[in-house]
Amino acid sequence: MNHYETVFIFTPVLSDAQMKEAVDKFKAVITDNAGAIVNEENWGLRKLAYPIQKKSTGFYTLLEFDANPEVIKKLETQFRRDERVLRFLTFRLDKYAEEYAIKRRSLRAAKNNASQEVKEN
């Protein structure tokens, strides 16, 4: 199995519940085809570099997962069929990118733990 990362942008008119339902749909495509979700990050509403379908903002989501190459074709077909998705990009991580992703996740977890400790005190 290869390690992949996909970033997709949803239209900004979605509610939180609709966005969560859409992300769960794409996660199900991966897990139903013997893939495993490694990491999920919701980057929130961000400004687009250029207008897409007359929209200047979008909800960004990142998924890291392990899967076979056949899963990518099914996942990208679902992205194309879903009108809520403005753009998507999926790529396979090489060993250096995978090491960087692990380091980034651990730094993010440490930052979250430190902020929780500050809130508790």
- Query: Which class fits the ring pair F79 and F26: parallel under 30°, tilted 30 to 60°, perpendicular over 60°?
  - Reply: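 Correct class here is tilted.
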A side-chain contact here means heavy atoms from C-beta on lying under 4.5 Å apart; do [X] and [Y] qualify?
X	Y	answer
L62	F8	no
D66	I30	no
L107	K111	no

- Item | Distance, nearest 0.5 Å, that separates CZ of R84 from CE of M19 |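 Here the rounded value is 11.0 Å.
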- Could you please spell out the steps behind the side-chain contact (heavy atoms from CB on, under 4.5 Å) verdict for T11 and K55? CA-CA 8 Å; T11 183; K55 294 173 177 60; 2.8 Å; yes
- Evaluate side-chain contact (heavy atoms from CB on, under 4.5 Å) for F88 paired with R80, printing each intermediate quantity in order. CA-CA 9 Å; F88 64 91; R80 287 185 187 95; 4.0 Å; yes
Quick check: closest heavy atoms across [X] and [Y], and the distance to 0.1 Å?
X	Y	result
P69	N2	CG-ND2, 3.7 Å
E98	L93	N-CB, 4.1 Å
P12	F59	O-CE1, 3.6 Å
A101	E64	CB-OE1, 3.5 Å

- Could you please spell out the steps behind the salt bridge (Lys or Arg N to Asp or Glu O under 4.0 Å) verdict for E5 and R92? CA-CA 6 Å; E5 193 171 87; R92 186 178 66 82; over 6 Å; no
- Does a salt bridge link R108 with E41, judged by any charged N lying under 4.0 Å from a carboxylate O?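 Salt bridge flag = yes for E41 with R108.
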In terms of hydrophobic clustering (I, L, V, M, F, W, Y; side-chain heavy atoms under 4.5 Å; direct or indirect links), are [X] and [Y] co-clustered?
X	Y	answer
Y4	V38	no
L63	L45	yes
L14	I9	no
V7	F10	no

Looking at [X] and [Y], would you say the former's side chain and the latter's main chain have a donor-acceptor pair under 3.5 Å?
X	Y	result
Q18	S15	yes
D82	Q78	no
T6	L89	yes

- Item | Test item: side-chain donor near acceptor, N42 and E40, under 3.5 Å |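 Side chains of N42 and E40: no pair found under 3.5 Å.
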- Tell me, with the steps shown, if R46 and T57 meet side-chain contact (heavy atoms from CB on, under 4.5 Å). CA-CA 5 Å; R46 293 191 172 194; T57 59; over 6 Å; no
Kindly check if the number of other-residue, nucleotide or ligand heavy atoms within 6.0 Å of [atom1] ([X]) is above 12?
X	atom1	answer
F91	CZ	yes
K20	NZ	no
N113	CG	yes

- Query: Name the one of L75, V71, N68 that satisfies side-chain contact (heavy atoms from CB on, under 4.5 Å) with N33?
  - Reply: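 The residue from L75, V71, N68 that satisfies side-chain contact (heavy atoms from CB on, under 4.5 Å) with N33 turns out to be V71.
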- Assess whether side-chain contact (heavy atoms from CB on, under 4.5 Å) is satisfied between E99 and R104, documenting all intermediate values. CA-CA 9 Å; E99 289 173 8; R104 186 177 51 111; over 6 Å; no
